Enquirer: 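Quick one: the structure is below, questions incoming.
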Amino acid sequence: MQVTIRLNTYLEAEDVATLAPDAVVVATGSLPSEDGFQRALPDQITLPGIETGRVWSTEEVMGRSARIGDRVVVVDEGGNWRGCGTAWWLAEAGRTVTLVTPDPLIGKELQRSAADYPLRQRLAQLGVEFVTESAVRHWGPDGATIMSFLTGDQRLIPADDLVMATANRAEDLLARDLDGTLPVHLIGDAAGPRQAPYAIHDGRKIGLAL
């Protein structure tokens, strides 16, 4: 079977239709949310104060496009390397970091790996403050207002920047544009932001089916 690979090529729905394919597999991934939504606060569709700026995704931080100040609050809803790893990198770079999570411990999803204990140990050694069972109620020039889920109490954590390691949104625009015109199979994060094993499963399943 011959496979034609086109690198650095952007396709719109019209371009795909021109190829007249028998099936289209869309694996366009996901993008960070731009509204500051936290699953732990479903009543708060948009983070109050996000319009004041200096709110970043982990991708912007690790991609070096974000200009980060000295004091940083990192919100980690995934309990994985996306939030914890970014906090680690920022702390090693000399920033004062507060890591906020709705979970009862830092790095919840890493408990099943050998990184579990060493991760929290290293973050503690770097001076990262852990704030668990909490979320950000408001962001502003003075910092992040954090609410505890246990007591309902709120407190201000002074910060220059807020980094959101929250759920991405599916990048499914191409699939929606093609809907009804061609047989479209949506897989991976484009179908729903998840962990890598699910995307691998999707790819294998559709590959065997076609």
Side-chain angles (χ1 to χ4, degrees), residues 30-62 66-112 115-117 119-170 189 192-195:
S30 62
L31 293 172
S33 172
E34 297 179 351
D35 52 19
F37 175 73
Q38 299 162 85
R39 289 175 295 180
L41 295 175
D43 64 309
Q44 193 169 277
I45 302 302
T46 301
L47 174 64
I50 193 172
E51 68 278 358
T52 62
R54 303 198 68 87
V55 179
W56 314 95
S57 67
T58 56
E59 288 82 356
E60 289 173 316
V61 173
M62 300 307 294
R67 300 296 181 181
I68 300 295
D70 294 329
R71 304 168 301 172
V72 188
V73 171
V74 177
V75 177
D76 179 19
E77 282 202 321
N80 50 39
W81 282 113
R82 191 160 167 255
C84 294
T86 302
W88 186 337
W89 184 84
L90 287 168
E92 283 199 334
R95 270 68 172 196
T96 299
V97 179
T98 302
L99 186 54
V100 178
T101 178
D103 299 321
L105 77 162
I106 298 298
K108 181 189 69 174
E109 290 299 316
L110 300 175
Q111 284 186 287
R112 295 165 288 183
D116 177 32
Y117 171 72
L119 166 71
R120 287 195 296 275
Q121 181 186 53
R122 183 57 181 150
L123 289 175
Q125 291 170 347
L126 290 168
V128 176
E129 178 186 357
F130 299 163
V131 180
T132 59
E133 298 179 284
S134 301
V136 177
R137 266 300 183 191
H138 184 274
W139 169 252
D142 296 329
T145 300
I146 308 299
M147 185 187 76
S148 167
F149 294 136
L150 300 182
T151 64
D153 293 341
Q154 299 187 27
R155 66 182 176 105
L156 176 68
I157 297 180
D160 303 305
D161 295 275
L162 177 64
V163 178
M164 305 294 286
T166 50
N168 278 10
R169 61 173 178 81
D189 270 19
R194 295 158 291 167
Q195 295 181 348

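Nothing fancy with the numbering, it's 1 onward along the sequence. Treat the numbers as computed from the prediction; the structure is a model and nothing was measured.
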Enquirer: Nearest 0.5 Å please: distance from the CE atom of M62 over to the CG atom of L90.
Expert: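 Interatomic distance, M62 CE to L90 CG, rounded to 0.5 Å: 7.5 Å.
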Enquirer: Just verifying a value: how many Å separate K108 NZ and E77 CD, rounded to the nearest 0.5 Å?
Expert: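 Between atom NZ of K108 and atom CD of E77 there are 10.0 Å.
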Enquirer: Between atom CG of L119 and atom CH2 of W88, what is the distance when rounded to the nearest 0.5 Å?
Expert: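 The CG atom of L119 sits 6.0 Å away from the CH2 atom of W88.
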Enquirer: Under the 3.5 angstrom rule, does the side chain of R95 hit a backbone N or O of G69 as a donor-acceptor pair?
Expert: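 Yes, because the side chain of R95 sits within donor-acceptor range (under 3.5 Å) of the backbone of G69.
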Enquirer: Under the 3.5 angstrom rule, does the side chain of T101 hit a backbone N or O of D76 as a donor-acceptor pair?
Expert: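 Present.
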Enquirer: Less than 4.5 Å apart, side chain to side chain, heavy atoms only: is that true for I146 and V136?
Expert: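 Yes; the side chains approach each other to less than 4.5 Å.
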Enquirer: Under a 3.5 Å distance rule, please check whether W139 uses its side chain to pair with a backbone N or O of D161 as donor and acceptor.
Expert: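 The answer is no, because no donor-acceptor pair under 3.5 Å joins these two groups.
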Enquirer: Output the distance between atom CG (L162) and atom NE2 (H138), rounded to the nearest 0.5 Å.
Expert: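 The NE2 atom of H138 is 11.5 Å from CG of L162, to the nearest 0.5 Å.
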Enquirer: Could you tell me whether a side-chain N or O of R120 sits under 3.5 Å from a main-chain N or O of I106, the two making a donor and an acceptor?
Expert: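 Here the side-chain-to-backbone pair exists.
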Enquirer: Between T52 (side chain only) and I50 (backbone N and O only), is there a donor and an acceptor less than 3.5 Å apart?
Expert: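 No, the answer is negative, given that no donor and acceptor are paired below the 3.5 Å cut-off.
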Enquirer: Should the heavy atoms of other residues, nucleotides or ligands under 6.0 Å from CZ of F149 be counted, would the total exceed 12?
Expert: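 Yes - once you tally the heavy atoms of other residues, nucleotides and ligands closer than 6.0 Å, there are more than 12.
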Enquirer: Would you mind checking if R137 and D43 are paired as a salt bridge, meaning a charged N to carboxylate O distance below 4.0 Å?
Expert: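 Salt bridge between D43 and R137, a charged N being under 4.0 Å from a carboxylate O: yes.
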Enquirer: Measure the spacing between CG of D160 and CZ of R71 and express it to the nearest 0.5 Å.
Expert: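 Here the interatomic distance stands at 4.0 Å.
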Enquirer: Please list all pairs passing the side-chain hydrogen bond (donor to acceptor under 3.5 Å, both in side chains) test where one or both residues lie in residues 33-42, with sequence neighbours left out.
Expert: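 Residue pairs passing side-chain hydrogen bond (donor to acceptor under 3.5 Å, both in side chains), neighbours aside: S33-D35.
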Enquirer: Side chain to side chain contact (heavy atoms under 4.5 Å, CB included) for T166 and F37? Distances and angles first, verdict last.
Expert: CA-CA 8 Å; T166 50; F37 175 73; over 6 Å; no
Enquirer: State the CZ-CG distance between R169 and L31, to the nearest 0.5 angstrom.
Expert: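 CG of L31 is found 5.0 Å from CZ of R169.
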Enquirer: Give the C-alpha distance, both sets of side-chain angles, the deciding distance and a yes or no for side chain to side chain contact (heavy atoms under 4.5 Å, CB included) between D103 and T132.
Expert: CA-CA 6 Å; D103 299 321; T132 59; over 6 Å; no
Enquirer: Would V163 and V75 count as a side chain to side chain contact (heavy atoms under 4.5 Å, CB included) if you check the C-alpha gap in whole Å, the side-chain angles of each, and the deciding distance to 0.1 Å?
Expert: CA-CA 6 Å; V163 178; V75 177; over 6 Å; no
Enquirer: Between R82 and E59, is there a donor-acceptor pair closer than 3.5 Å when you use the side chain of the first and the backbone of the second?
Expert: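 Not at all, since once roles are kept as given, no pair shorter than 3.5 Å links the two residues.
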